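All heavy atoms count here, side chains included; hydrogens, waters and symmetry mates do not. When a ligand or atom number is given, it counts from 1 through the structure's own listing order. From a predicted model like this one, the values you see are computed outputs, not experimental measurements.
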Amino acid sequence: MTDAQKNRIRRTMMFLNTQRAALVKDSYVYKPDSVLLDLEDAVAEGEKDSARVQLYNTLKYVDYHGVERFVRINGLDTPHYKEDIRASVAGGADGIRIPKTETKNDVALVEELVEKAEKEFGRPVGSTMLMAALESPRAVLNAYEIATSSDRMMGIALSAGDFKRTMHARQTADGSELATARGLIIMAARAAGIMAFDTVYTNIDDIAGLRREAELIRDMGFDGKSLISPKQIATIHEVFTPTEKEISRAEHLILAVEENKKKGVGVLVVDGAMVDIAMVEGAYRTLTLAKASGVYKGGLV
Ligand SMILES: CC(C)(COP(=O)(O)OP(=O)(O)OC[C@H]1O[C@@H](n2cnc3c(N)ncnc32)[C@H](O)[C@@H]1OP(=O)(O)O)[C@@H](O)C(=O)NCCC(=O)NCCSC(=O)C[C@@](O)(CC(=O)O)C(=O)O
Ligand SMILES: [Mg+2]
């Protein structure tokens with residue numbers, strides 16, 4: 001896979017229950033950045049085989065119009081995951097989300113099966129990305145080893161439902177039960193040079209609460225969030241897309257710092273605030289995100 005594929009914009013990764021044909025066939029119309037075709041918890045135990053057949057047909061024949069397609073396979077402690085991997089690779093999924101990943105050995109096991117399937121179905125070896133969902137204290141404490149366990153690894157994601165269950169934690173209004181996990185996950189992802197995704201927000205009708213949580217995780221450095229409903233997409237895209245003011249400030253900052261660098265000046269004041277060379281990288285990141293979000297037409301990136 002290319003760096004462009006690995007680093008593409010992923011503000012929203014929307015779960016779809018693969019069992020429900022009506023959900024999978026035209027979900028691209030809502031324009032999430034990625035879909036997560038779920039074979040795990042959304043699919044009833046007795047429906048695993050039919051969901052997998054539906055997955056293969058969806059991957060093969062539905063045009064998602066550029067929306068990235070990840071598959072959440074069943075857990076590695078189930079009888080399903082091997083066939084899930086074969087169907088995902090045969091259908092041409094962009095990547096696989098490993099649920100309940102605990103260690104780097106889990107990633108190695110999936111990678112071996114993915115490579116075998118790529119050879120079996122004539123897909124380019126190395127083309128299928130991996131991402132890992134961290135859903136327990138052990139997983140979060142192993143975040144860095146998981147994040148660095150494979151060249152295919154594109155990102156790690158907090159999965160709060162199972163994390164709270166395994167932590168014996170209660171859900172709080174301000175998310176304090178998730179603070180340490182979020183901090184460790186974003187740190188591990190940044191240290192490994194891959195992406196970090198926050199968990200689903202389950203109260204579908206509470207858009208104000210979703211916005212607060214999205215702003216919190218954006219400010220911590222997360223790249224995006226897993227979603228369960230199209231109703232949540234617009235809010236997340238709005239929160240993660242730089243505003244006109246942020247874009248203009250980033251442009252001023254880059255131009256001013258570059259101009260002053262030529263004159264041998266390191267620290268200066270732009271729009272009333274002190275800036276220095278350390279802030280240029282963040283300003284370029286803002287413009288890159290704005291460009292990927294379709295709101296920057298300037299020439300600095
Ligand atoms: C919740 C509900 C049943 C509600 O359905 P309803 O139909 O009542 O919803 P409505 O709002 O009425 O739908 C209005 C219109 O949107 C369409 N529509 C709705 N949802 C859509 C969607 N997702 N994709 C495309 N289209 C959609 C619908 O078809 C309708 O279209 P139309 O009829 O044409 O108007 C539905 O959303 C849904 O199934 N969500 C996904 C649930 C899921 O996958 N859960 C597993 C992943 S989490 C997990 O496992 C925990 C985790 O593991 C997480 C981690 O790992 O991070 C952890 O540990 O935390
Ligand atoms: Mg879960």
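- Using a distance-only test at 3.5 Å, with no hydrogens or angles considered, no donor-acceptor pair links the side chain of R52 to the main chain of L39.
- Put simply, Y201 and V239 are part of the same group of oily side chains (I, L, V, M, F, W, Y) that touch within less than 4.5 Å, one to the next.
- Just one of Q19, R97, R72 meets the side chain to side chain donor-acceptor pair (under 3.5 Å) condition when paired with D38; it is R72.
- Taking 4.5 Å as the limit, some side-chain heavy atom of L253 sits within range of a side-chain heavy atom of M279.
- Of all protein N, O or S atoms, those under 2.8 Å from the Mg ion (ligand 2) number 2.
- Between I194 and the choices I156, T148, N7, I146, the side chain to side chain contact (heavy atoms under 4.5 Å, CB included) rule is met once, by I156.
- The only member of D162, D106, D77 that meets salt bridge (Lys or Arg N to Asp or Glu O under 4.0 Å) when paired with K100 is D162.
- Of the candidates K82, E83, K48, E45, N74 forms a side chain to side chain donor-acceptor pair (under 3.5 Å) with just one, namely K48.
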What are the atom names and distances for all N or O pairs under 3.5 Å between ligand 1 and the protein?
| residue | atom | partner | partner atom | Å |
| --- | --- | --- | --- | --- |
| ligand 1 | 11 (O) | K231 | NZ | 3.0 |
| ligand 1 | 16 (O) | Y30 | OH | 3.4 |
| ligand 1 | 23 (N) | F15 | O | 2.8 |
| ligand 1 | 23 (N) | I228 | O | 2.9 |
| ligand 1 | 37 (O) | I228 | O | 3.2 |
| ligand 1 | 40 (N) | I228 | O | 2.8 |
| ligand 1 | 50 (O) | R72 | NH1 | 3.3 |
| ligand 1 | 50 (O) | R72 | NH2 | 2.8 |
| ligand 1 | 53 (O) | R72 | NH1 | 2.9 |
| ligand 1 | 56 (O) | R72 | NH1 | 3.2 |
| ligand 1 | 56 (O) | R97 | NH2 | 3.1 |
| ligand 1 | 56 (O) | S159 | OG | 2.6 |
| ligand 1 | 57 (O) | R97 | NH2 | 2.8 |
| ligand 1 | 57 (O) | S159 | OG | 3.2 |
| ligand 1 | 59 (O) | E135 | OE1 | 3.2 |
| ligand 1 | 59 (O) | D162 | N | 3.1 |
| ligand 1 | 59 (O) | D162 | OD2 | 3.0 |
| ligand 1 | 60 (O) | A160 | N | 3.4 |
| ligand 1 | 60 (O) | G161 | N | 2.8 |

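- Of the candidates R152, K104, K116, R152 is the only one forming a salt bridge (Lys or Arg N to Asp or Glu O under 4.0 Å) with E111.
- In the hydrophobic cluster analysis, where Ile, Leu, Val, Met, Phe, Trp and Tyr join through side-chain heavy atoms closer than 4.5 angstrom, F197 is grouped apart from M14.
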